[in-house]
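Below is one structure, written out as structure tokens; comments come after it.
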Protein chains: 2
Amino acid sequence: MPRAHPARSVAPRRPAPRSSRERLFAAAATEFAARGFAGASVDRIARAARVNKAMIYYHFTSKAALYREILRDMFEAVSARVAGLSRSAIDPADKIRAFVEAIATEAEARPHFPPIWFREIADGGRHLDAQTTAHIAAIVKVLGGIVAEGVAAKRFRPVKPLFVHAGIVGPLLLYFASTEVRKRLEERGVAGADRLERREVVAHIQRVTLGTLEGFTS
Amino acid sequence: MPRAHPARSVAPRRPAPRSSRERLFAAAATEFAARGFAGASVDRIARAARVNKAMIYYHFTSKAALYREILRDMFEAVSARVAGLSRSAIDPADKIRAFVEAIATEAEARPHFPPIWFREIADGGRHLDAQTTAHIAAIVKVLGGIVAEGVAAKRFRPVKPLFVHAGIVGPLLLYFASTEVRKRLEERGVAGADRLERREVVAHIQRVTLGTLEGFTS
DNA sequence: GTCTATAAATAGATAGAC
DNA sequence: GTCTATCTATTTATAGAC
């Protein structure tokens, strides 16, 4: 997938995978999301992609390299989308809103994104190569830049960028990744747990983040 | 561990595990946190606990049952600690602060808690048995009760309990679980990423949550 | 690019002696 | 409670034909 679709700034609608490489990439993303790196099986990936197992090693050299490529694709996409914000002319509050929206959009375009990110954090980032780590750092830096811009314009109070980042990414990933768990909670009497909507979740996180930075009132 | 330490309301300092059962429980928690359920190996668990592998099946019947027991212990502890808040006489804002503190304390007492919870969410909650699911539901309901109490007293505005919950648990788990990843970000130029302190993180999340509920200003 | 066959290691789990 | 030995299935990965 990354070869076929490099950095792009518009909504990432990916076509049905054609080549065996693309089919393997898509099947692997699903398998890694569902079972984690250690739990994933190259046999299952190949079977799901309807491709011979040996093709995984032909196209990607190893299970680990395939997994690293999926990680790179995830953060490259977010980094590319978010980079445009730095140079944009809109005011800082709208940049915060756009940042939240960007994370949500990329997470939604890749159902494997939230679970894989959760698992990779739990793995201590063992599989993050230099390139991918740089992409993640760039994302946090963009957010830090927006906060600094708002502080300089006396619109925001100074808050550590990593705190702002955690306040956005934590709840957002939790929402996208927890669909199944929320269904179980609904069955156990947590009313409405299975009926959260993307729109209201994103709006809430935008409000809370701006409240933290501006001081609420509204 | 659950057998030896049932529900308790004070800081959970656990003694060095003595019995083979306790050593296996502790070693398994570490292994599942580091590698996930599918990636964990009963051989490694037994080796780390310096206990014969067959003892795992003697004490816990299966790898899955052992894992479920660890999950139960985690949420039983949080549920027990948080249950006291419902019946407490302090005002709603202090209850919110105590709720955040409770999650942080239990997460800190069990380094395996944040990674295992992230992984289990990614697994779709496949291993959550009825008892554990009930504990999690109870935790969310306690938070819902605190919010409702504040709304009735005209101190809080109505916010969906699951939104409040995600705003607390998302960032908090992210902080505890991301130590290694944050080290990597520090190396890549994200200043201070590896020097966040528990105290300031908890204080920030308390402020943000109360700001969301009360309307900030301060 | 695609396939079969297979190597070599490791997985979870159990039987049965002590 | 603890141990050794072992069964069976599955793991990642590669060699080599087409």
Report task. Quick one: pull up CD in A:Glu76 and CD in A:Glu69 and give me the separation to the nearest 0.5 Å. Result -> 9.5 Å

Report task. Please report, rounded to the nearest Å, how far the P atom of C:dG12 is from the CG atom of B:Leu66. Result -> 11 Å

Query raised in the report: Can you find a side chain N or O atom of A:Ser20 that sits less than 4.0 Å from OP1 or OP2 on C:dT2?
Result: yes

Query raised in the report: Between C:dG1, D:dC3, D:dT11, which one does the side chain of B:Asn52 approach most closely?
Result: D:dC3

Report summary line: In whole angstroms, the gap separating C1' of C:dT4 from OH of A:Tyr58 amounts to 18 Å

Requested in this report: Would you kindly compare B:Lys63 and A:Met55 by the position of their nearest DNA chain C nucleotide and give the one closer to the 5′ end?
Outcome: A:Met55

Query raised in the report: At under 4.0 Å between heavy atoms, what does B:Ala40 touch on the DNA or RNA strands: base, sugar-phosphate, or nothing?
Result: sugar-phosphate

Query raised in the report: Does B:Ser41 place a side-chain N or O at less than 4.0 Å from the phosphate oxygens OP1/OP2 of C:dT10?
Result: no

Report task. Measure the distance from CZ on B:Arg35 to P on C:dG12 and round it to the nearest whole Å. Result -> 11 Å

Report summary line: A:Lys53 atom NZ is separated from C:dA5 atom P, nearest whole Å, by 13 Å

**Report entry** B:Asp43, nearest nucleotide to its side chain (from C:dG1, C:dG12, D:dG1)
**Finding:** C:dG12

Query raised in the report: Of all the nucleotides listed (D:dA15, C:dG12, D:dT11), which has the minimum atom distance to the side chain of A:Ala54?
Result: D:dA15

Query raised in the report: Rounded to the nearest 0.5 Å, how far does NZ of A:Lys63 lie from CD1 of A:Ile56?
Result: 10.0 Å

Query raised in the report: Given atom OH of B:Tyr67 and atom C1' of C:dA11, what is their separation to the nearest angstrom?
Result: 18 Å

Requested in this report: Could you state the atom-to-atom distance from CD1 of A:Ile45 to C1' of D:dT10 in whole Å?
Outcome: 15 Å

Query - B:Arg44 side-chain N/O to C:dT10 phosphate OP1/OP2 under 4.0 Å - result: no

Query raised in the report: Out of A:Phe176, A:Phe75, A:Phe32, which residue meets the ring-ring contact (aromatic ring centres under 6.0 Å, His included) rule with A:Phe113?
Result: A:Phe75

Report summary line: Minimal heavy-atom distance between B:Lys95 and B:Ser88, with the atoms involved, is NZ-O, 3.2 Å

Requested in this report: Start with the C-alpha gap between B:Arg110 and B:Glu106, add the side-chain angles, then the distance that decides, and say whether salt bridge (charged side-chain N to carboxylate O under 4.0 Å, His left out) holds.
Outcome: CA-CA 6 Å; B:Arg110 295 169 182 74; B:Glu106 293 300 334; 2.6 Å; yes

Report summary line: B:Tyr57 OH to C:dT14 C1', in whole Å, measures 9 Å

**Report entry** Spacing between B:Ile56 atom CD1 and D:dT2 atom P, to the nearest angstrom
**Finding:** 13 Å

